[in-house]
Amino acid sequence: MTILDRYILREFVRVFALIIVSLVSLYVIVDFFERIRMFISNHATAHQVLTYFVYSVPMILSQMLPVTFFLSTLITFSILSTHNELMAMKASGVSLFRVAVPVIAVSVAVCIASFFLSEYVTPFANEKVKYVKYVEIQKKNKAGTFKQNQIWYKGRDGIYAIAYVDPNRHILKGIRINYLDHKMNLVKRIDAKEARWEQDAWSGTD
C-alpha cells in the first residue's frame, strides 16, 4: 500500500466513522422518544432500556451502511477536490481510477461485512430485542402472544391454515391442511369445518 493509498483511506475512514456514528445516534434518539411512553408505562429499568437499544444496533447498522458508504464517498472526494488534491494527483500522472482503488477495496469489505451482519448477527439481535420488549419490559408470556384468527402453522408433513381458535372450548374452526412433497408441490389437501380436542386427540367434522 502506497502513501497515497494510506492517505485516501485515512480520510475516507474518518468521514465514514463520523457519518455512521451520527446516523446511528440520531436513529437511536428518535426511536427512544417514540418508545419512551412504552418504557415509562411498563416501569422499564435503565438496564432494560440500554439492552433494548444495544441489541437494536445491528439492525440499524445493516440499514445505514449503504447510505453511509455513499455519503462518505461523495464527501471524501469533494474534500479532496476542494483542496485541489485531486488536481495535484492527476498532474502527477495518477488516474482517477487509481485514486479510487482504496475506496473500492473498502466497498468490497463493507459489502462482505454487511452480508454477514444481515444474515447472522441481525436476526439473533432482533430476537433479543423482541424478548426484552415483550418479556422483560411488557411482562408478556415467554411463549408469545397469538391471534385467534387466520393462523398458519408449518408442521413436519404440511402447512396448516386455521380460520379461528377458541382456546377456552378447545375448538379449531375453518381448518385446511396442505400436504407437500420434498419439492414443495401440493400432494394432498384436507379441509375440516371444525375440530375439537377430545381424549388427547383432535376429532374433526367435514
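Residue Lys90 holds its NZ atom at 10.0 Å from OG of Ser95, rounded to the nearest 0.5 Å. Rounded to the nearest 0.5 angstrom, Lys130 NZ and Gln138 CD are separated by 13.0 Å. Note that the CE atom of Met64 and the OG atom of Ser62 stand 9.5 Å from one another [nearest 0.5 Å]. Ser114 OG to Gln63 CD: the interatomic distance, rounded to the nearest 0.5 Å, is 10.5 Å. From Thr51, atom OG1 reaches atom CD1 of Ile137 across 8.5 Å, with rounding to the nearest 0.5 Å. Between the CG atom in Asn178 and the CG atom in Asp191 there is a gap of 8.0 Å [rounded to 0.5 Å].
Between Ile19 and Ile75 there is a side-chain heavy-atom pair separated by less than 4.5 Å. Residues Val103 and Thr76 are not in side-chain contact: their nearest non-hydrogen atoms beyond the backbone lie 4.5 Å or more apart. Tyr164 has its side chain out of reach of Ile171: every pair of non-hydrogen atoms, C-beta onward, lies at least 4.5 Å apart. A heavy-atom distance below 4.5 Å is found between the side chains of Arg98 and Asp5. Contact annotation: the side chain of Phe116 never approaches that of Val121 to less than 4.5 Å [non-hydrogen atoms, C-beta and beyond]. Glu127 is not listed as a side-chain neighbour of Tyr131, based on a closest heavy-atom distance of 4.5 Å or more. In this structure the side chain of Asp31 reaches within 4.5 angstrom of the side chain of Tyr52, judged on heavy atoms. Looking only at side-chain heavy atoms (C-beta outward), Leu186 and Tyr179 stay at 4.5 Å or farther from each other.
Within a 6.0 Å radius of CE in Met38, other residues, nucleotides and ligands contribute more than 12 heavy atoms. Applying the 6.0 Å contact sphere to OH of Tyr55 captures no more than 12 heavy atoms from other residues, nucleotides or ligands.
By the 30° and 60° cut-offs, the orientation of the rings of Phe115 relative to Tyr120 is perpendicular.
Formation of a donor-acceptor pair under 3.5 Å by the Ser81 side chain with backbone atoms of Phe77 is not found in this model. In this structure, Gln48 contributes its side chain and Glu136 its backbone to a donor-acceptor pair below 3.5 Å. Within the 3.5 Å criterion, the main-chain N or O of Ile104 finds a donor-acceptor partner in the side chain of Ser107.
Of all heavy-atom pairs spanning Thr122 and Ser118, the tightest one is OG1-CA, 3.8 Å. Nearest heavy atom pair, residue Val99 against residue Met89, reads CG2-SD, 3.7 Å. Pairing each heavy atom of Val49 with each of Ala44, the nearest pair is CG2-CB, 4.0 Å.
Cluster annotation: Val54 is not connected to Leu61 through the hydrophobic network of ILVMFWY side chains, with a link wherever side-chain heavy atoms come within less than 4.5 Å. Hydrophobic clustering, with ILVMFWY side chains joined whenever heavy atoms are under 4.5 angstrom apart, keeps Val15 apart from Val101. Phe33 is not connected to Leu26 by any chain of hydrophobic side-chain contacts under 4.5 Å among Ile, Leu, Val, Met, Phe, Trp and Tyr, and they are in different clusters. Cluster annotation: Phe16 and Leu18 are assigned to distinct hydrophobic clusters (Ile/Leu/Val/Met/Phe/Trp/Tyr, side-chain heavy-atom contacts under 4.5 Å, transitive). Linking ILVMFWY residues whenever their side-chain heavy atoms come closer than 4.5 Å, directly or via other members, places Val21 and Ile29 in the same cluster.
Aromatic ring centroids of Phe12 and Phe69 lie under 6.0 Å apart.
Just one residue in the list Leu4, Ile8, Leu80 forms a side chain to side chain contact (heavy atoms under 4.5 Å, CB included) with Glu85, and that residue is Leu80.
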request  = Check step by step if side chain to side chain contact (heavy atoms under 4.5 Å, CB included) holds for Trp152 and Ile159.
outcome  = CA-CA 7 Å; Trp152 291 82; Ile159 298 177; 3.7 Å; yes
